[in-house]
Amino acid sequence: MQQLKNYINGELIAPQSGEYLNNIDPSRGEVYSYVPDSDERDVEAAYEAAKAAFPAWSTLPVQARADYMYAIADGIQKRLDELAMAECVDNGKPLWLARKVDIPRARDNFKYFGQAVTQFDNESHDMGEMGFNYTLRRPIGVAGLISPWNLPLYLFSWKIAPALAAGNTAVAKPSEITPMTGYLLSEICIEVGLPAGVLNIVHGDGPKVGESIVKHPGIKMLSFTGSTRVGRRIAEIGAPMFKKLSLEMGGKNANIIFADAEYEEALKGAVRAAFTNQGQICLCGSRILVQKDIYEQFLADFVEKVKALKVGDPLDEDTKVGAIVSLMQLEKDVQYVEIAKSEGGQILTGGKRLAGPTERTAGGYFLAPTVIAGLDQHCRVNQEEIFGPVATIMPFEDEEDAIEKANSTPYGLSCTIWTTNLKRAHRTAAHVEAGIIWVNSWLVRDLRTPFGGVKQSGVGREGGMEALRFFTEPKNVFIKL
Ligand code: NAD
């Protein structure tokens with residue numbers, strides 16, 4: 001069985017412990033490769049390599065760094081099918097989704113930040129007779145990058161590309177649950193001749209590898225995407241060390257459907273927003289709020305559409321909902337269904353583990369897409385992030401009530417608003433507490449925009465020039481004439 005390796009100082013090497021963790025294919029429930037069980041010694045070696053690579057990398061002409069980003073993007077494109085399969089097997093998501101969305105978006109992250117860094121300006125300010133000043137934005141040093149399992153290569157590359165393009169070197173850790181695409185990325189970096197030590201990928205679990213990165217005194221900035229629980233832990237360690245932090249965390253996003261919405265669009269959109277990637281996207285609209293005038297009809301149509309979603313083998317082209325990423329996550333989803341029942345919720349469809357849909361997937365982790373009604377907005381199921389194919393639905397009275405319900409959780413990542421009333425769309429968007437709002441759409445991405453949440457969903461922003469600002473430090477110089 002394949003043993004993955006760490007990528008340190010330009011080479012693929014075994015972890016110093018010699019130990020490995022199981023990498024499980026969730027669609028079969030079977031171990032299919034081994035992940036390095038690295039520790040602080042591997043992080044230290046990665047840090048030393050990144051530190052040594054920094055002087056040369058940070059002073060390369062910007063175009064040369066951009067060219068490396070383009071080369072990595074081309075490398076991803078060449079191996080798109082292989083990467084999509086790796087992502088599907090690691091994660092349980094439908095293969096077509098990885099091929100169509102995840103891997104092309106990872107490729108585009110490298111392309112975009114290659115281009116963006118060539119457009120990243122330093123500023124100067126004229127002070128008239130007195131003089132002038134200029135602000136240089138310089139790379140900082142070694143970046144620590146930690147990412148989750150739900151969009152493995154896509155989110156990993158969204159940190160790596162801006163960090164490197166801006167001139168930093170990095171010690172990066174993908175999720176131990178989905179390490180394969182990170183491993184293949186290290187092969188691509190070797191193929192394109194990325195200088196040794198510029199990017200180092202250390203595999204392993206969070207408390208050992210992740211925390212060693214967070215605690216390392218030489219790593220001055222940390223970009224993390226994952227749960228609010230782990231984000232809080234990283235802030236507890238990093239803040240007293242005055243590290244620069246970008247934390248992208250959990251969500252409990254509202255999907256608001258006004259009675260004047262284009263009905264069919266909103267219906268299709270609500271199903272997609274709740275169940276794409278098995279509901280395992282931080283931006284999923286898992287709380288569906290429907291104006292009372294259309295609530296009963298919408299509920300019936302929504303449940304009918306959800307029942308028709310094909311839960312299937314992730315390799316099948318017509319599968320809409322694949323496997324849940326791990327047994328632990330599946331058990332968590334099922335536990336929340338039980339909590340919903342105890343809170344008085346009605347399970348309108350789903351709520352149960354399903355047998356694997358084919359012989360090949362007989363031992364896999366599958367859950368029927370679940371819709372729950374009848375819950376109060378303040379109950380646990382409507383307040384806590386579940387991160388699976390489990391959606392709640394509830395009625396609201398008017399705009400004010402919709403906004404109050406949307407804002408009633410500790411999270412504030414995204415919100416979707418369905419309406420044909422222009423003023424209502426703007427008013428609602430202005431009052432919902434979230435970093436990202438979609439009107440009559442969901443999951444549209446523009447790489448130039450700042451991405452992130454408010455409240456317990458995030459601190460800092462990714463994407464666009466915001467990311468390049470995060471990975472650089474401004475230095476201001478005053479010149480007296
Ligand atoms: P997680 O927090 O369990 O793990 C994320 C990463 O942190 C993994 O690589 C893990 O190994 C590492 N880690 C765990 N403990 C650590 C520690 N003590 N110190 C340092 N690193 C540690 O999250 P997950 O289960 O992999 O992913 C699901 C979560 O990610 C959900 O909450 C989801 O909302 C969130 N998410 C957020 C965004 C966003 O942009 N806001 C995007 C995707 C996922």
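Every number for a ligand or one of its atoms is a count from 1 in the order of the listing. Side chains are part of it too, since the values below use all heavy atoms of this structure and drop only hydrogens, waters and symmetry mates.
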Looking at side-chain heavy atoms only, is the closest gap between F156 and T181 below 4.5 Å?
-> no
Identify, for atom 12 (C) of ligand 1, the protein heavy atom at the shortest distance, and state residue, atom and that distance.
-> I146 CG2, 3.7 Å
Answer yes or no: is there a donor N or O on one side and an acceptor on the other, between the side chain of N277 and the main chain of N150, under 3.5 Å?
-> yes
Does an N or O anywhere in K173 fall below 3.5 Å from an N or O of ligand 1?
-> yes
Are G453 and ligand 1 in contact, using a heavy-atom cut-off of under 4.0 Å?
-> no
Hey, does R233 come in under 3.5 Å of ligand 1, counting only N/O atoms on both sides?
-> no
Less than 3.5 Å between some nitrogen or oxygen of N150 and one of ligand 1, yes or no?
-> no
Provide, to 0.1 Å, the distance between atom 8 (C) of ligand 1 and the closest protein heavy atom, together with that atom's residue and name.
-> S147 O, 3.4 Å
Residue and atom name of the nearest protein heavy atom (relative to atom 20 (C) of ligand 1), distance in Å to one decimal = G210 C, 3.3 Å
Compute whether any side-chain donor of one residue and acceptor of the other, for Y336 and E384, lie under 3.5 angstrom apart.
-> yes
With heavy atoms and a 4.0 Å threshold, my read on which part of L155 contacts ligand 1 is side chain
Among protein heavy atoms, which lies nearest atom 13 (N) of ligand 1, and at what distance?
-> G206 CA, 3.3 Å
the protein heavy atom lying closest to atom 34 (O) of ligand 1 turns out to be E385 OE2, 2.5 Å
Is the W158-F110 ring centre distance short of 6.0 angstrom?
-> no
Closest non-hydrogen protein atom to atom 42 (C) of ligand 1, residue and atom name please, with distance?
-> C282 SG, 2.9 Å
Could you tell me whether R229 and ligand 1 have an N or O pair separated by under 3.5 Å?
-> no
For W57 and L164, indicate whether the former's side chain and the latter's backbone hold a donor-acceptor pair under 3.5 Å.
-> yes
Looking at ligand 1, does G458 have a heavy atom less than 4.0 Å from it?
-> no
Can you sort out which atoms of ligand 1 are near S175, meaning under 4.0 Å from one of its heavy atoms?
-> 9 (O)
Between T449 (side chain) and D446 (backbone), is there a donor-acceptor pair under 3.5 Å?
-> yes
Please confirm whether the backbone N or O of W438 pairs with a side-chain atom of S441, one donor and one acceptor, at under 3.5 Å?
-> no
Does a side-chain heavy-atom distance below 4.5 Å link M249 with L413?
-> no
For atom 37 (C) of ligand 1, what's the nearest protein heavy atom and its distance?
-> M249 O, 3.1 Å
Relative to the heavy atoms of W149, which atoms of ligand 1 are at a distance of less than 4.0 Å?
-> 24 (P), 25 (O), 26 (O), 27 (O)
Over 12 foreign heavy atoms within 6.0 Å of CZ, R229 = no
Side-chain donor/acceptor of D25 to backbone N/O of G92, under 3.5 Å = no
The protein heavy atom nearest to atom 11 (O) of ligand 1 is E176 OE1, 2.7 Å
